[in-house]
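The structure appears below as structure tokens.
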Amino acid sequence: MSPRKLSAETTFADLESEVMFTIAGLGADPDARSLLGETADWLGWIDAAQKEDRVFRQQEANVEATRVVANGRLDLTCIAFGKRLLGACNQDRLSPRFTRFFAKPPLAFVKQALAKQITAVFGWLSVTDDDVLETYRVDLQECATNARAAQDATSAIGPLRGTNKARRAKLAEDLTRERDGLHRQLGEIADDKSLGRTWADLFFKKTRREDDEEAPTPAPT
């Protein structure tokens with residue numbers, strides 16, 4: 001039985017555990033010890049890929065956090081502007097001055113998709129004859145600009161996510177190929193030394209299910 005196939009979804013901890021088990025097993029068996037050199041690069045491959053994965057995940061976290069914060073700041077500024085504007089309209093939500101900016105209450109306005117909210121705010125900034133808007137113009141401009149930049153960064157992280165997944169898939173493919181090759185070499189040793197057809201399997205971790213499948217069926221009593 002060949003070692004189990006690894007994939008891009010296999011965690012780094014599981015990859016490391018698999019490799020460490022194989023290295024320890026080879027070192028523990030005098031007939032397999034000569035093949036230890038075949039595994040020399042494996043942990044280094046995992047370490048390098050994990051380091052690159054961590055760099056990507058920090059980039060991803062930066063983008064997500066920046067977007068969330070920018071969205072939150074834009075919401076707060078829109079709500080503050082809406083409250084001040086409503087006060088200037090004597091709390092009349094149907095006032096043309098108020099509805100010029102808010103077709104819905106400010107708390108509902110900020111719940112719409114961020115892209116629509118940003119577009120609406122930039123639309124507000126084209127108005128030049130409202131004194132309440134002038135009070136908030138700089139803050140609205142800054143918040144909307146930051147939110148749009150955060151959205152652009154979110155779009156740009158997509159290809160990097162694909163690159164990171166491809167890197168993890170390559171690591172899994174390389175380790176699977178190397179493990180299959182090692183298993184074949186172990187099989188040749190087993191044939192030469194009459195160690196049995198399952199001896200080569202000893203050096204690769206088995207899942208609980210595989211152990212259960214290989215366990216002998218108890219004789220009926």
Side-chain angles (χ1 to χ4, degrees), residues 1-74 113-115 118 142-143 145-189 199-212 214:
M1 179 184 295
S2 297
R4 74 184 182 96
K5 184 178 180 179
L6 306 173
S7 73
E9 283 69 45
T10 306
T11 67
F12 287 111
D14 284 345
L15 292 176
E16 191 174 79
S17 178
E18 291 276 356
V19 170
M20 286 181 167
F21 180 89
T22 296
I23 292 172
L26 294 174
D29 192 307
D31 289 317
R33 204 167 291 149
S34 63
L35 295 179
L36 266 172
E38 299 294 320
T39 68
D41 297 327
W42 295 4
L43 285 175
W45 292 349
I46 296 171
D47 289 344
Q50 187 168 21
K51 181 178 180 180
E52 291 176 313
D53 179 74
R54 187 181 300 112
V55 169
F56 164 73
R57 287 187 292 109
Q58 184 60 68
Q59 288 178 300
E60 192 173 42
N62 291 346
V63 167
E64 181 181 4
T66 299
R67 187 186 68 252
V68 169
V69 171
N71 190 8
R73 297 292 298 186
L74 181 61
L114 179 58
I118 293 169
E142 180 179 0
C143 289
T145 299
N146 289 342
R148 178 164 285 174
Q151 273 204 316
D152 291 343
T154 299
S155 298
I157 202 74
L160 297 180
R161 186 178 295 110
T163 298
N164 189 61
K165 186 171 183 178
R167 184 165 49 234
R168 294 194 62 166
K170 184 179 185 303
L171 171 65
E173 290 168 3
D174 289 346
L175 286 174
T176 295
R177 184 186 62 251
E178 292 283 317
R179 280 153 52 90
D180 286 346
L182 177 63
H183 188 269
R184 286 192 294 271
Q185 293 183 71
L186 289 165
E188 291 170 1
I189 293 175
W199 178 76
D201 300 338
L202 299 175
F203 304 92
F204 304 91
K205 291 189 72 173
K206 294 181 177 64
T207 65
R208 184 183 296 271
R209 179 177 178 180
E210 289 171 333
D211 280 335
D212 291 343
E214 293 184 7

Exercise: identify the closest heavy-atom pair between [X] and [Y]:
X: P3; Y: R179; result: CB-NH2, 3.5 Å
X: D29; Y: D31; result: OD1-N, 2.8 Å
X: G187; Y: A200; result: N-CB, 3.8 Å
X: R67; Y: A150; result: CA-CB, 3.6 Å
X: T22; Y: W42; result: CG2-CZ3, 4.2 Å
X: G25; Y: F203; result: O-CE2, 3.3 Å

Should [X] and [Y] count as side-chain neighbours, where that means a heavy-atom distance under 4.5 Å?
X: T154; Y: T66; result: no
X: E18; Y: R4; result: yes
X: F56; Y: I157; result: yes
X: N146; Y: V69; result: no
X: I23; Y: L43; result: yes
X: W45; Y: V19; result: no
X: L171; Y: F12; result: yes

TODO: Would you please name every residue forming a ring pair (Phe, Tyr, Trp, His ring centres under 6.0 Å) with F204, sequence neighbours left out?
DONE: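 By the ring pair (Phe, Tyr, Trp, His ring centres under 6.0 Å) rule, F204 matches H183.
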TODO: Give the intermediate values and the outcome of side chain to side chain contact (heavy atoms under 4.5 Å, CB included) for residues L160 and Q59.
DONE: CA-CA 9 Å; L160 297 180; Q59 288 178 300; 4.3 Å; yes
Could you give the distance from [atom1] ([X]) to [atom2] ([Y]), rounded to the nearest 0.5 Å?
X: S34; Y: I189; atom1: OG; atom2: CD1; result: 4.5 Å
X: R168; Y: E173; atom1: CZ; atom2: CD; result: 13.0 Å
X: L202; Y: K206; atom1: CG; atom2: NZ; result: 6.0 Å
X: C143; Y: R148; atom1: SG; atom2: CZ; result: 13.5 Å

TODO: With side chain to side chain contact (heavy atoms under 4.5 Å, CB included) as the test, would you mind laying out the steps for L175 and T10 before giving the verdict?
DONE: CA-CA 11 Å; L175 286 174; T10 306; over 6 Å; no
Task: Donor on one side chain, acceptor on other, R161 and N164, under 3.5 Å - done: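 Side chains of R161 and N164: no pair found under 3.5 Å.
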Open item on the list: Between I118 and T145, does the side chain to side chain contact (heavy atoms under 4.5 Å, CB included) criterion hold? Intermediate values first, please.
Closed with: CA-CA 8 Å; I118 293 169; T145 299; over 6 Å; no
- [ ] State whether the side chain of T176 and the backbone N or O of A172 hold a donor-acceptor pair below 3.5 Å, judged by distance alone.
- [x]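 Indeed, once roles are kept as given, a pair shorter than 3.5 Å links the two residues.
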Open item on the list: Donor-acceptor pair, distance only, cut-off 3.5 Å: does the side chain of T39 make one with the backbone of L36?
Closed with: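 Such a contact is found between T39 side chain and L36 backbone.
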- [ ] Report the C-alpha separation of R177 and D180 in whole Å, then their side-chain angles, then the decisive distance to 0.1 Å, and conclude whether the salt bridge (charged side-chain N to carboxylate O under 4.0 Å, His left out) test is met.
- [x] CA-CA 5 Å; R177 184 186 62 251; D180 286 346; over 6 Å; no
Task: D14 vs T11, side chain to side chain contact (heavy atoms under 4.5 Å, CB included): CA-CA, chis, key distance, verdict - done: CA-CA 5 Å; D14 284 345; T11 67; 3.2 Å; yes
- [ ] Count the heavy atoms belonging to other residues, nucleotides or ligands that lie under 6.0 Å from CZ of R73, then report whether that count exceeds 12.
- [x]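 No, because the 6.0 Å sphere around CZ of R73 holds 12 heavy atoms or fewer from other groups.
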